[in-house]
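This is the structure, below, for whatever I ask next.
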Amino acid sequence: MDRIRIVGGHRLNGSIPISGAKNATLPLMIASLLTDETLVLENVPRLADVALLQRILGNHGVDVMIGGKRPGDTEYEGQTVHISAKRIVDTMAPYELVAKMRASFWVIAPLVARMGEARVSLPGGCAIGTRPVDLLVMALQQLGAEIEIDRGYVVARAPKGLKGGKIVFPKVTVGGTHTALMAATLADGDTVIENAACEPEVGDLADCLNKMGAKITGAGTPTINVTGVRRLSGARHRVLPDRIETGTYAMAVTMTGGDVLLEGARPELLQAALDVLAETGAEISSTNAGVRVARNGSGLAPVEVTTQPFPGFPTDLQAQLMALMTLAAGTSRITETIFENRFMHVQELARLGAQIRLEGETASIEGVPRLNGAPVMATDLRASVSLVIAALAAEGETVVNRVYHLDRGFERLEGKLAACGAEIERLAHA
Ligand code: EPZ
């Protein structure tokens, strides 16, 4: 398995192009199942999760064609992907594939909406908490699907098609909202989704579905209205920039010091996180080209942050903020309210010399003057990248093991950081 070696202590200066968002790409690719015409997605990042979803869709009979390079493309240009679900040959998503990536469970919605049936494995446990799918199932039931759990599979049936209905989520769920949206587009009649997730990726999915002929209003607010249509068509859609990648590099620059332009980043997608970084002492400015982050000289101020659904501080940046706060001048408190047990990075940060105390869902981070490099390993994507950030500022060498977690969600991580002056390299498995 590959590893990443980092020698800390270098400031980051230059520019980092921000890729298309992983968490928008996945539901957009899944939405291709709703139509027999071709969906063209631009700015698709080269990530292991995207490749895996391609395999999962292939199992249903979907053809995925990745466009070649065009003149003038830089090496960071996202891919253009043509996805065609002309004929769905199988409505079953097996355990072996769904267990590898939770988001693949979402195929249940377009499959039952278009084909009247779907059999999708329960996703199973995950390193960041229990993460059930009860609310996704409830949403489909509200649209008339009959649900049965059969030997670890969720079987959804709607032989006469789904019917519009009212879905009230007792808790904000991104996957639940994606599922409800996709299912409702082809349902007969009107659907109202209450307490919907407002994450930008939901808005991106709704924009794409509307281009495909869906009738969705209110996406990005807690109440979404959908008027069902008989069929959807192909469309062309550009994936929005990755706000979590943006926030991650913004935190890296704040931690090492330096001055970096995050090219193509959209500040409104992560305002809460940028506000927190400004509080810590980073200088943040927005230009037409993206978001500029700089910190020169000044120490880091501690902060108190609670993760929240959008527009609050995202759980997917919690680990990275914790890494940053290990070097603050004072004690920070970070409370995780979205996923219980999303603190797997705490032990590993401690290996670098961080002082962190956990009490229930709150971590108290007592800033230390310096971190020291060490071998580390993490169990999920955002935890892994928090270790990379910490290593960039630590003295000496850190080797991050289990790099496949990073490859799931960060495109060309080491290339982007090295171009800004980081000493970072991939050690291929011998
Ligand atoms: C999405 O996961 C993201 N994944 C996650 O990013 C992100 O952390 C999360 O939203 C929250 O923002 C993708 O977009 C692919 P949820 P999702 O349904 O949709 C509970 C990353 O690192 N819940 O919004 O699975 C759940 O347990 C990943 O990129 C139920 O109780 O998250 C959690 O406590 C990690 N029942 C809360 O809701 C359900 O049926 C929010 O989860 C569904 C969810």
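Computed from a predicted structure; not experimentally measured. Start at 1 and go down the list; that is how both ligands and their atoms are numbered.
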- For ligand 1, is there an N or O atom under 3.5 Å from any N or O atom of Val174?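 N/O-N/O distance below 3.5 Å exists for this pair.
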
- Return a yes/no value for Glu199: is any of its N or O atoms, backbone included, closer than 3.5 angstrom to an N or O of ligand 1?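 No, since none of the N or O atoms of Glu199 sits under 3.5 Å from an N or O of ligand 1.
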
- Item | Enumerated ligand 1 atoms positioned under 4.0 Å from heavy atoms of Trp106 | 13 (C), 14 (O), 15 (C), 19 (O)

- Task: Show which atoms of ligand 1 fall inside a sub-4.0 Å distance from at least one heavy-atom site of Gly175.
- Result: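 That gives atoms 18 (O), 19 (O) of ligand 1.
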
- Task: Say whether Ile338, considering both its backbone and side-chain N or O atoms, lies within less than 3.5 Å of an N or O atom on ligand 1.
- Result: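 For ligand 1, there is an N or O atom that lies under 3.5 Å from one belonging to Ile338.
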
- Query: Below 4.5 Å, heavy atoms only, C-beta onward: do Arg3 and Arg5 meet side chain to side chain?
  - Reply: no

- Message: Tell me which pairs pass salt bridge (charged side-chain N to carboxylate O under 4.0 Å, His left out) where either residue lies in residues 18-28, with sequence neighbours left out.
- Response: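 Output for this query lists Lys22-Asp49.
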
- Query: Between Thr38 and His82, is there a donor-acceptor pair closer than 3.5 Å when you use the side chain of the first and the backbone of the second?
  - Reply: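 Flag not set: sc Thr38 to bb His82 has no pair under 3.5 Å.
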
- Message: Determine whether a donor-acceptor pair (N or O, by modelled atom type, separation under 3.5 Å) exists between the side chain of Lys416 and the backbone of Pro17.
- Response: yes

- Taking His60 for its side chain and Asp90 for its backbone only, find out whether a donor-acceptor pair lies under 3.5 Å. yes

- Message: Using heavy-atom distances only, which candidate in Pro123, Pro314, Pro132 approaches atom 30 (C) of ligand 1 most closely?
- Response: Pro132

- Which ligand 1 atoms are under 4.0 Å away from a heavy-atom of Val172? 41 (C)

- Do Glu201 side-chain atoms and Leu26 backbone N/O form a donor-acceptor pair below 3.5 Å?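 Pair absent, no side-chain N/O of Glu201 close to backbone of Leu26.
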
- For Lys22, counting its heavy atoms only, list the atoms of ligand 1 lying under 4.0 Å from any of them.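 In order of number, 21 (C), 29 (O).
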
- Out of Arg382, Arg102, Arg342, indicate the one that has the non-hydrogen atom closest to atom 35 (C) of ligand 1.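 When every heavy atom of Arg382, Arg102, Arg342 is considered, Arg342 comes closest to atom 35 (C) of ligand 1.
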
- Which option, Asp242, Thr315, Thr173, owns the non-hydrogen atom nearest atom 18 (O) of ligand 1?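 Checking each option, the heavy atom nearest atom 18 (O) of ligand 1 is found in Thr173.
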
- Message: Could you check whether any side-chain N or O of Thr35 sits under 3.5 Å from a backbone N or O of Ser32, counting only pairs where one atom can act as donor and the other as acceptor?
- Response: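 No; zero donor-acceptor contacts below 3.5 Å.
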
- Message: Please report whether ligand 1 has a polar contact with Leu135, defined as an N or O pair separated by less than 3.5 Å (distance criterion only).
- Response: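 Yes; at least one N/O pair falls below 3.5 Å.
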
- Hey, does the side chain of Gln142 reach the backbone of Lys166 with a donor-acceptor pair shorter than 3.5 angstrom?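 Yes.
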
- Task: Measure His178 to ligand 1 on non-hydrogen atoms and call it side chain, backbone, both or neither using the 4.0 Å cut-off.
- Result: neither

- Task: Tell me yes or no: between the side chains of Glu361 and Thr337, is some donor less than 3.5 Å from an acceptor?
- Result: no

- Query: Would you say ligand 1 has an N or O under 3.5 Å from any N or O of Ala103?
  - Reply: no

